[in-house]
Amino acid sequence: MVTINENYGKLRGNYLFSEIARRVAAYGQAHPEQRIIRLGIGDVTQPLAPAVIDALNRAVAEMGTAEGFRGYGPEQGYEFLREAIVKEDYGKRGCDVSADEIFISDGAKCDVGNIQEIFGQDNLVAVCDPVYPVYVDTSVMAGRTGDFNLRTGSYDKLVYMPCTEENGFVPALPDRTPDLIYLCFPNNPTGAAITKDALQEWVDYANRNGSVILYDAAYEAYIAREEIPHSIYECSGARTCAIEMRSFSKNAGFTGLRLGFTVVPKELVRGGVSLRDLWARRHGTKYNGAPYIVQRAGEAVYSKEGKAQLKEQISVYQENARVIREGLLDAGYTVYGGIDAPYIWLKTPAGTTSWQFFDQLLERVQVVGTPGEGFGAHGEGYFRLTAFGTPENTKEALERIRKL
Ligand code: PLP
């Protein structure tokens, strides 16, 4: 008899973004005359850069010729892309990463969850709180947590590392040593960044305890300050304790095209087994999830024109972040993030929960954001706005919020 994965039954009923969509749709239906501005979901709005489109067109044309046609691609992704990543993302920052440690994929979201398949069932997982919900949901589905505890607002058997105003939204080393530690910097949702010294402490901690850090660097392109590391491999000893995931979604607008990669260093060994070799056997080997034409588009991100065009795109989002941050500060809000990240994390007014603030913004000024509670118990009392809107919408949203 077929049985189902009962861990799915532990997932919370309403996924954050479905609940937001439901409330926005209900409001929109009741008030069709109102123009709603969405600064909620972390999707980009600018079109793909011309260098990326040219690369796509060239690759499509190639696929229609006898000489240029490609079938199944290499398991880890095409060498042209992995070499470009090694040179541009790692070599230029003095990180020791080689092309055979890079695994191309169809995006970081898949990798951050799927990476768990190479680890044993009984590993203890640690996540930041608040957190990008995918780390938690995939841990639940993989059976590495207990039930959702309504009293604490968290899953049993999962180590939550509070990220608060007091610690600058960078968690303290946990008392109970986890096996797998999800870290994400620059952070979604808080917009916090981590200094190299602070990250080095995590690397040393993981090496001391034999833990593995799963480092999500999806927002590294937004780092503005010199002292903030772009990769965990800028820290010494990271090659024996860290896996890094990256995405082309937020630096190059590939949220719909889909491209990302994971780095698993050869020195990363647990139980005498190379994690790199295990990941090489992951689901979807052979196809690696990213089509040839998309990998060519990814290569173009590192071309001279691509780099210049994307710098321009990112600077538009960075300027949006500045507009939101400074506008809110000026209006008297307490605001975090938005300097090295496209997310602004504001404190909701005293006595207002994050969902109440969501409803106020929607109903009174027709602006959609994301309630902090949706990212975990320590997200309550906060609210996330994203810098991915158009500059016009972002400015207008701020003008409206100031009138609240
Ligand atoms: N990691 C973090 C922290 C994110 O916020 C997101 C998307 O919002 C992703 C990964 C997903 O990236 P991708 O589009 O490459 O799947």
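Numbering of ligands and ligand atoms starts at 1, following listing order. By convention here, the first residue in the shown sequence is residue 1.
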S.K.: Between the side chains of S98 and D100, does any donor sit under 3.5 Å from an acceptor?
M.R.: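 The answer is yes; a qualifying pair exists.
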S.K.: With sequence neighbours excluded, tell me which residues meet ring pair (Phe, Tyr, Trp, His ring centres under 6.0 Å) with F375.
M.R.: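 With sequence neighbours excluded, F375 shows a ring pair (Phe, Tyr, Trp, His ring centres under 6.0 Å) to no residue whatsoever.
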S.K.: Does a donor on one side chain and an acceptor on the other come within less than 3.5 Å for Y336 and Y382?
M.R.: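 On atom types as modelled, these side chains do not qualify, holding no pair under 3.5 Å.
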S.K.: Are any non-hydrogen side-chain atoms of F254 and V301 less than 4.5 angstrom apart?
M.R.: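 When only atoms from C-beta onward are counted, V301 and F254 do touch, with a gap below 4.5 Å.
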S.K.: With a 4.0 Å heavy-atom cut-off, what residues sit around ligand 1?
M.R.: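 These residues qualify: G107, A108, K109, Y132, Y135, C184, N188, D216, A218, Y219, S247, S249, K250, R258.
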S.K.: Do the rings of Y222 and Y317 sit parallel, tilted or perpendicular, given the 30° and 60° boundaries?
M.R.: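 Plane angle between 30° and 60°, so tilted.
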S.K.: Only one of Y182, Y215, Y160 forms a ring pair (Phe, Tyr, Trp, His ring centres under 6.0 Å) with Y135, so which one is it?
M.R.: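 Single ring pair (Phe, Tyr, Trp, His ring centres under 6.0 Å) partner of Y135 among Y182, Y215, Y160: Y182.
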